[in-house]
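Throughout, protein chains are lettered first and strands after them, A, B, ... in sequence-line order, and every chain is numbered starting at 1.
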Number of protein chains: 2
Amino acid sequence: MALGKNYDGQDCSLASALEVIGERWTLLVIRDAMYGVRRFADFQAHLDIPKAVLSQRLSALVAAGLLERRRYQDAPPRDEYVLTPVGRELWIPVLSLGQWGERHLAGNGPRRLFHHATCDTRLDAVSFCATCRRSVPIEEVEVRPGPGLCDDMRRDQVSLALRKPHRLLAPILTR
Amino acid sequence: MALGKNYDGQDCSLASALEVIGERWTLLVIRDAMYGVRRFADFQAHLDIPKAVLSQRLSALVAAGLLERRRYQDAPPRDEYVLTPVGRELWIPVLSLGQWGERHLAGNGPRRLFHHATCDTRLDAVSFCATCRRSVPIEEVEVRPGPGLCDDMRRDQVSLALRKPHRLLAPILTR
DNA sequence: GGCATGAGTTCAATGACCGAACCGACGACG
DNA sequence: CGTCGTCGGTTCGGTCATTGAACTCATGCC
């Protein structure tokens with residue numbers, strides 16, 4: 001059976017989710033949007049993704065309501081892409097999946113550490129703050145470079161910006 | 001840039017995870033293995049997945065250490081596929097992603113409910129039991145049909161088995 | 001006017017998915 | 001013994017998705 005773009009025949013919520021975020025590159029685009037990437041060129045440079053694929057993914061995420069397109073300049077017309085509240089709620093699945101990858105696959109120690117921005121506590125794999133004893137929404141999370149982040153790696157502006165602690169969702173303004 | 005099967009060039013744990021579970025169908029296979037599906041024919045019938053794709057996915061998951069292949073019969077030789085502890089640890093990402101899909105995309109109410117098998121409490125989107133005040137591992141979870149599950153749907157043996165409460169990981173033995 | 005930049009679009013080659021058919025090794029049955 | 005059914009695949013050619021490279025358009029700047 002053709003799974004199809006819309007996962008016909010699969011009667012479950014997971015399939016519905018995969019229908020939106022299951023294509024190649026999509027979850028990485030969402031992850032970058034969580035870091036605060038907003039501009040086409042920044043997504044493209046940081047992910048090194050083919051432009052045609054990025055264009056299609058961004059449009060699909062806008063159509064699905066996970067990103068919204070915002071005009072940031074009129075002449076020439078320039079749009080940026082910002083996570084909606086629906087998109088933001090993917091924070092826990094994205095975090096927990098990344099932590100699973102880090103624990104079982106990655107090696108070299110954690111590349112990114114996620115902290116509760118207000119009390120500085122490092123969060124667990126489901127964004128739980130042990131100090132405040134509550135789950136922390138993405139709006140209150142700060143990402144920091146971890147010991148596994150190599151210094152000789154990416155030179156795009158987003159990678160450079162993420163070498164310092166950075167509040168999630170805060171725009172990474174590269175120009 | 002070619003993302004490649006091994007997500008070359010992506011320096012992050014999420015990409016490592018997607019390298020293993022990011023292909024079409026893979027996460028649905030893992031989800032079925034969590035329900036207790038073990039036999040090739042059962043995965044195939046429940047998911048209605050092309051056999052060649054299923055065969056490749058199962059082999060890849062075995063190679064990656066998420067599933068193990070077990071001989072359940074010698075004449076003729078017959079293997080089944082069982083989640084390893086590494087595969088089981090995908091429970092939270094899979095659950096939270098499914099809950100996101102249910103909340104924002106699915107409609108018709110929840111098709112599956114997940115309960116703490118020992119105290120009967122319904123679990124939240126990160127498998128937290130509010131009664132016991134702890135996160136519940138997959139080994140202690142029971143899946144039940146929810147109000148959104150249609151009675152006129154799938155007729156494969158796995159779907160029929162899941163119409164009753166069923167302990168996760170417990171083998172669904174259809175023959 | 002020429003060049004650089006940003007946000008794409010186009011296109012042909014390659015790889016992944018898919019439906020359909022097929023295969024081999026049994027066990028069951030008449 | 002021969003035939004059929006079942007299981008766990010394998011094969012194959014057509015369709016779709018991804019990709020690298022080139023290109024386009026609309027600006028602003030020098």
Side-chain angles (χ1 to χ4, degrees), chain A residues 1-10 15 18-19 21-29 37-62 67 69-82 156-158 172-175, chain B residues 1-10 15 18-19 21-29 37-62 67 69-82 156-158 172-175:
Chain A
M1 176 197 82
L3 196 46
K5 182 62 77 57
N6 49 8
Y7 285 70
D8 297 332
Q10 302 296 331
L18 290 173
E19 196 167 304
I21 61 94
E23 283 180 298
R24 274 166 79 77
W25 291 108
T26 302
L27 217 47
L28 293 172
V29 171
V37 180
R38 296 185 168 187
R39 305 284 169 84
F40 187 97
D42 290 337
F43 283 110
Q44 202 280 321
H46 186 233
L47 295 172
D48 202 12
I49 176 176
K51 293 188 206 175
V53 175
L54 178 59
S55 178
Q56 191 274 333
R57 295 294 186 279
L58 291 171
S59 294
L61 288 170
V62 169
L67 290 178
R69 194 185 265 116
R70 284 191 195 157
R71 182 61 43 97
Y72 73 85
Q73 178 180 298
D74 278 318
R78 292 279 184 258
D79 292 340
E80 61 186 8
Y81 299 85
V82 183
D156 62 277
Q157 299 289 4
V158 177
I172 295 181
L173 293 177
T174 62
R175 52 219 82 204
Chain B
M1 175 197 82
L3 196 48
K5 182 63 76 61
N6 49 7
Y7 285 69
D8 297 331
Q10 301 296 331
L18 291 172
E19 196 167 303
I21 60 95
E23 283 180 299
R24 276 164 77 78
W25 291 107
T26 302
L27 218 46
L28 294 172
V29 171
V37 180
R38 297 187 168 187
R39 306 283 169 84
F40 187 97
D42 291 337
F43 283 110
Q44 203 280 322
H46 187 234
L47 295 172
D48 203 9
I49 176 175
K51 291 190 213 174
V53 175
L54 178 58
S55 178
Q56 193 273 333
R57 296 293 187 277
L58 291 172
S59 295
L61 289 170
V62 169
L67 290 178
R69 196 184 264 113
R70 286 190 193 158
R71 182 60 43 95
Y72 73 86
Q73 177 179 298
D74 279 319
R78 292 278 183 260
D79 293 340
E80 62 188 6
Y81 298 86
V82 182
D156 62 278
Q157 300 289 0
V158 176
I172 295 181
L173 294 176
T174 63
R175 50 219 81 209

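Regarding contacts with the backbone of C/dA16, every side-chain N or O of B/Trp25 stays at 4.0 angstrom or more from both OP1 and OP2. A sub-4.0 Å separation between OP1 or OP2 of D/dT10 and a side-chain N or O of B/Ser55 is present. Between B/Arg24 and D/dA17 there is no side-chain N or O to OP1 or OP2 distance below 4.0 Å. Between C/dG6 and A/Tyr72, no contact under 4.0 Å exists linking OP1 or OP2 to a side-chain N or O.
In this structure, B/Phe40 atom CZ and D/dC7 atom C1' are separated by 9 Å, rounded to whole Å. Atom CG in B/Asp48 sits about 16 Å away from atom P in C/dC17, given to the nearest Å. Between B/Glu23 atom CD and C/dA16 atom C1' the separation is 8 Å, expressed in whole Å. Rounded to whole Å, atom P of C/dA20 lies 13 Å from atom CD of B/Gln44. Atom NZ in B/Lys51 sits roughly 12 Å away from atom P in D/dT6 (whole-Å rounding). Between the CD1 atom of A/Ile49 and the C1' atom of D/dG20 there is a distance of 13 Å, rounded to whole Å. C/dA7 atom P lies 11 Å from atom CZ of A/Phe43, rounded to whole Å. Between B/Asp79 atom CG and C/dA25 atom P the separation is 16 Å, expressed in whole Å.
No option in B/Arg70, B/Arg38, B/Arg69 other than B/Arg69 meets the salt bridge (charged side-chain N to carboxylate O under 4.0 Å, His left out) test with B/Asp79.
Rounding to the nearest 0.5 angstrom, the gap separating the OG1 atom in A/Thr26 from the CD1 atom in A/Ile21 is 7.5 Å. We find the CD1-CG distance between A/Ile172 and A/Asp156 to be 9.5 Å, quoted to the nearest 0.5 Å.
Without hydrogens or angle criteria, A/Glu19 side chain to A/Gly22 main chain gives no donor-acceptor distance under 3.5 Å. Checked by atom type and distance alone, the side chain of B/Gln56 never pairs as donor or acceptor with a backbone atom of B/Ser59 at under 3.5 Å.
Looking at heavy-atom distances under 4.0 Å, B/Arg57 makes contact with sugar-phosphate atoms alone, never a base. Within the 4.0 angstrom heavy-atom criterion, only backbone atoms of the sugar-phosphate kind lie near A/Tyr81; the bases stay farther away.
Cation-pi geometry between B/Arg57 and B/Tyr81 is not met at under 6.0 angstrom from the ring centre and within 45 degrees of the axis.
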Got a list of protein N/O to nucleotides 27-30 of chain D N/O distances below 3.5 Å?
| from | atom 1 | to | atom 2 | distance (Å) |
| --- | --- | --- | --- | --- |
| D/dG28 | OP1 | A/Ala75 | O | 3.4 |

Decide yes or no on side chain to side chain contact (heavy atoms under 4.5 Å, CB included) for A/Arg78 and A/Phe40, but give the supporting numbers first.
-> CA-CA 10 Å; A/Arg78 292 279 184 258; A/Phe40 187 97; over 6 Å; no
